[in-house]
S.K.: 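Dropping the structure in here first, questions after.
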Amino acid sequence: MAKQKIQAPKGVSEYVPPRSSAFEFVRECLINPARKAGYLPIELPVFEDTELFTRGVGESTDVVSKEMYTFEDRGGRSITLRPEGTAGVMRAVIEHGLDRGQLPSKLWYAGAFFRAERPQAGRYRQFYQVGIEAIGLDDPAIDAEVIAIADAGFKAIGLNKYRLDLTSLGDAHSRAAHRIDLVAFIAQLDLDEATRARAAINPLRLFDDKRPEIRDAMNNAPLLMDYLSDSSKQHFAKVKSYLDALGIAYTLNPKMVRGLDYYTGTTFEFVHELLGAQSGIGGGGRYDGLMSELGGQELSGIGFGLGIDRALLAAEAEGVITSDSFASDLFIIPLGDLAKEKALLIASELRAAGKTIEIAFGDRALKGAMKGADKSGARFVIVLGDTEITTQSVELKEMKTGSTSSVKIDSLLGAL
RNA sequence: GUGGGCGUAGCUCAGCUGGUAGAGCACUCGGUUGUGGUCCGAGAUGUCGCGGGUUCGAGCCCCGUCGCUCACCCCA
């Protein structure tokens, strides 16, 4: 073959047939519940002014401090490939005055995100997310609805083996008070230097440590949940009761840590059982200070980001995606030039009626064309030759059973 | 950024203590006239990741390099 083959950049996820169909299916499953809840699409650039993320996501987060693809454009501006979606949506909402009309502003997006990390199972440098944001309303009912939308997406895919972790991070005052006590608690632990450095950046991180000795040590650490203000507690209690009413099961996880600084109040994460180390298939929460931090009004919002790549991995691990759901309805095998013309015509009419039709072009032997039809997984096959054209009638063969029936070309649509 | 595993046909891999490469799947054609999935036959495909070294001789040994992969960190 050729000389030097050029490969895809390190750590990117690519989807080629046949798996790309499954990817598309998962993506649509995750978007649809948002559409049905009245969320509207928003298409944003994949690169933004770097400052959007340093300010919005938080300088101290790993995402900003070491995982961003940042470069200078030709005008000397610092540009960053978006590492997450919420900050960009807030920027656009402020810039286009979407916060001036009726609230909440409800938006969904789907697309690629970028993080310069070491790749791993379920972790890519370019990955895909579906996200929604509901801006300008702090009713606990919308918190529950946002969670229900995410859950409906995973259910639509057919996923079962996942759980929902739920907590409340409270307001700024609650967090400040808790942080003082937590830092004091950590100070009296016997920790190695690296761990201490991590704790200095974000003490909550220690709750997430995978080492058993650290987990044990953190068992007696003060929990943020115990520092919540009355209003935060009430809000959270309502979120839980709405979820109960919806029959959405959740696990209270007061030790949950989120990687982005802007989260406040209700915070959640969907975790799949069958995935490897990167088992979070989606997460989100409320963000009270983000809009104003980015120069907008003091509006609260809530949203989520769901990992399409990981949801697909989870679906494959559960074996819930069946490939025949992507197959064509009918496969037409034309014999001869006139038949090709006729096949084109029949196909375009049936396609206009919503059917998926493939035609075997290329003058292959009938046997080969039949094989092609078989491989494609198409439900039905017809052979179109001179006889069929003169009689206006075809043998409609159902591939799964092998049975055939005589059908007029005009009534093919009804027979499919 | 740190550690482990692995790089052989399109794919999954085999290749024993070094003797210049194989299987299965997939693909193409055929097993007489226009109907697939099974079976049988035939065929095509590799600078064994790349570079250097040891050796009469290396896919197998040594060094380097690149890539992939899993895990840590962190997260979707």
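Since we're looking at a predicted model, the values are computed, not measured.
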S.K.: With C1' as the reference atom in both, quote the distance from C11(B) to U54(B) in angstrom, rounded to an integer.
M.R.: 35 Å
S.K.: How is T387(A) classified with respect to the nucleic acid when contacts are heavy atoms under 4.0 Å: base, sugar-phosphate, or nothing?
M.R.: base
S.K.: Is it the case that G36(B) (base atoms only) and E398(A) (side chain only) share a donor and an acceptor within less than 3.5 Å, ignoring hydrogens and angles?
M.R.: no
S.K.: So Q126(A), base contact, sugar-phosphate only, or nothing? Heavy-atom distance under 4.0 Å.
M.R.: nothing
S.K.: Is C72(B) paired to anything, Watson-Crick or G-U wobble with both distances less than 3.5 Å, and if yes, which nucleotide?
M.R.: G1(B)
S.K.: In whole angstrom, give me the gap between the C1' atoms of C61(B) and U17(B).
M.R.: 12 Å
S.K.: Can you see which heavy atom on I94(A) is nearest to which on D99(A), and at what distance?
M.R.: CA-OD1, 4.5 Å
S.K.: Measuring only the P atom in each nucleotide, how far is G31(B) from G22(B)? A whole number of Å is fine.
M.R.: 30 Å
S.K.: Relative to the ring of F23(A), is the ring of Y15(A) parallel (under 30°), tilted (30 to 60°) or perpendicular (over 60°)?
M.R.: parallel
S.K.: Sort out the partner of A26(B) for me: Watson-Crick or G-U wobble, both distances under 3.5 Å, none otherwise.
M.R.: none
S.K.: Can you sort out which residues in residues 408-416 of chain A have a heavy atom within less than 4.0 Å of RNA chain B? Ascending by number, please.
M.R.: none
S.K.: Does K210(A) have a side-chain nitrogen or oxygen under 4.0 Å from the phosphate oxygens OP1 or OP2 of C72(B)?
M.R.: yes
S.K.: Please check the phosphate of C72(B) (OP1 and OP2 only) for any side-chain N or O of R198(A) closer than 4.0 Å.
M.R.: no
S.K.: Please name the nucleotide paired to U55(B) by Watson-Crick or G-U wobble geometry with both distances under 3.5 Å, or report none.
M.R.: none
S.K.: Ignoring hydrogens and angles, does a donor from either the side chain of K400(A) or the base of G36(B) sit under 3.5 Å from an acceptor on the other?
M.R.: no
S.K.: Is the shortest distance from a Lys or Arg side-chain nitrogen in R286(A) or D138(A) to a carboxylate oxygen in the other one below 4.0 Å?
M.R.: no
S.K.: Would you indicate, yes or no, if C68(B) has its OP1 or OP2 atom less than 4.0 angstrom from a side-chain nitrogen or oxygen of K10(A)?
M.R.: yes
S.K.: Under a 3.5 Å limit for both distances, which nucleotide forms a Watson-Crick or G-U wobble pair with G36(B), could you say?
M.R.: none
S.K.: Looking only at atom P, what distance separates G51(B) and C74(B), rounded to whole Å?
M.R.: 41 Å
S.K.: Taking the C1' atom in each of G46(B) and C50(B), what is the distance between them to the nearest angstrom?
M.R.: 16 Å
S.K.: With no angle test and no hydrogens, is the base of C29(B) tied to the side chain of R364(A) by a donor-acceptor pair under 3.5 Å?
M.R.: no
S.K.: What distance, rounded to whole Å, do you find between the two P atoms, one in A42(B) and one in U8(B)?
M.R.: 28 Å
S.K.: Rounding to an integer number of angstrom, what distance separates G53(B) and G59(B) when you compare their P atoms?
M.R.: 15 Å
S.K.: Considering just the side-chain nitrogens and oxygens of K371(A), establish if one lies under 4.0 Å of OP1 or OP2 belonging to U28(B).
M.R.: no
S.K.: Using both distances under 3.5 Å as the test, list the Watson-Crick or G-U wobble partner of C60(B), or none.
M.R.: none
S.K.: For the base of G36(B), is there a side-chain donor-acceptor partner from D374(A) under 3.5 Å away?
M.R.: yes
S.K.: Are side-chain heavy atoms of I321(A) and E316(A) found at a separation under 4.5 Å?
M.R.: no
S.K.: Assign G122(A) to base, sugar-phosphate, or nothing according to its heavy-atom contacts below 4.0 angstrom with the strands shown.
M.R.: base
S.K.: Counting only N and O atoms by type, is there a donor-acceptor contact under 3.5 Å from the side chain of H272(A) to the main-chain atoms of A311(A)?
M.R.: no
S.K.: Return the pairing partner of G46(B) with a 3.5 Å limit on both distances, Watson-Crick or G-U wobble; otherwise return none.
M.R.: none
S.K.: Kindly indicate whether the side chain of P222(A), heavy atoms from C-beta on, has any atom under 4.5 Å from the side chain of H178(A).
M.R.: yes
S.K.: Measuring only between side-chain heavy atoms, which start at C-beta, is E14(A) closer than 4.5 Å to Q126(A)?
M.R.: no
S.K.: For A71(B), does either OP1 or OP2 sit under 4.0 Å from a side-chain N or O belonging to Q120(A)?
M.R.: yes
S.K.: Does the side chain to side chain donor-acceptor pair (under 3.5 Å) test come out yes or no for N202(A) and S60(A), once each step is laid out?
M.R.: CA-CA 8 Å; N202(A) 182 355; S60(A) 72; over 6 Å; no
S.K.: With stacking defined as ring centroids separated by under 5.5 Å and planes differing by under 30°, is Y128(A) stacked against A76(B)?
M.R.: no
S.K.: Hey, is K340(A) close enough to D363(A) for a salt bridge, meaning N to O under 4.0 Å?
M.R.: yes
S.K.: Which is true for K367(A) with a 4.0 Å heavy-atom rule: it touches a base, it touches only sugar-phosphate, or it touches nothing?
M.R.: base
S.K.: Do L260(A) and V57(A) come within less than 4.5 Å of each other through their side chains, counting heavy atoms only?
M.R.: yes
S.K.: If A21(B) has a Watson-Crick or G-U wobble mate with both distances under 3.5 Å, name it; if not, just say none.
M.R.: none
S.K.: Is there, by distance only and without an angle test, a donor paired with an acceptor across the side chain of R123(A) and the base of C70(B) below 3.5 Å?
M.R.: no
S.K.: Please state whether the base of A71(B) and the side chain of Q278(A) form at least one donor-acceptor pair under 3.5 Å?
M.R.: no
S.K.: Between G3(B) and R118(A), is there an OP1 or OP2 to side-chain N/O distance shorter than 4.0 Å?
M.R.: no
S.K.: Indicate the atoms forming the closest heavy-atom contact of E133(A) with Y39(A), along with that distance.
M.R.: O-CE2, 3.6 Å
S.K.: For RNA chain B, which residues of residues 16-44 of chain A approach it to below 4.0 angstrom with any heavy atom?
M.R.: none
S.K.: Could you give the distance separating U65(B) and A76(B) at their P atoms, to the nearest angstrom?
M.R.: 35 Å
S.K.: Do you know which two heavy atoms are closest between F268(A) and G303(A), and how far apart they sit?
M.R.: CZ-O, 3.8 Å
S.K.: With a 3.5 Å limit on both atom pairs, tell me what G67(B) is paired to, counting Watson-Crick and G-U wobble, or say none.
M.R.: C6(B)
S.K.: Can you find a donor-acceptor pair, distance only, under 3.5 Å between K397(A) side chain and G36(B) base?
M.R.: yes
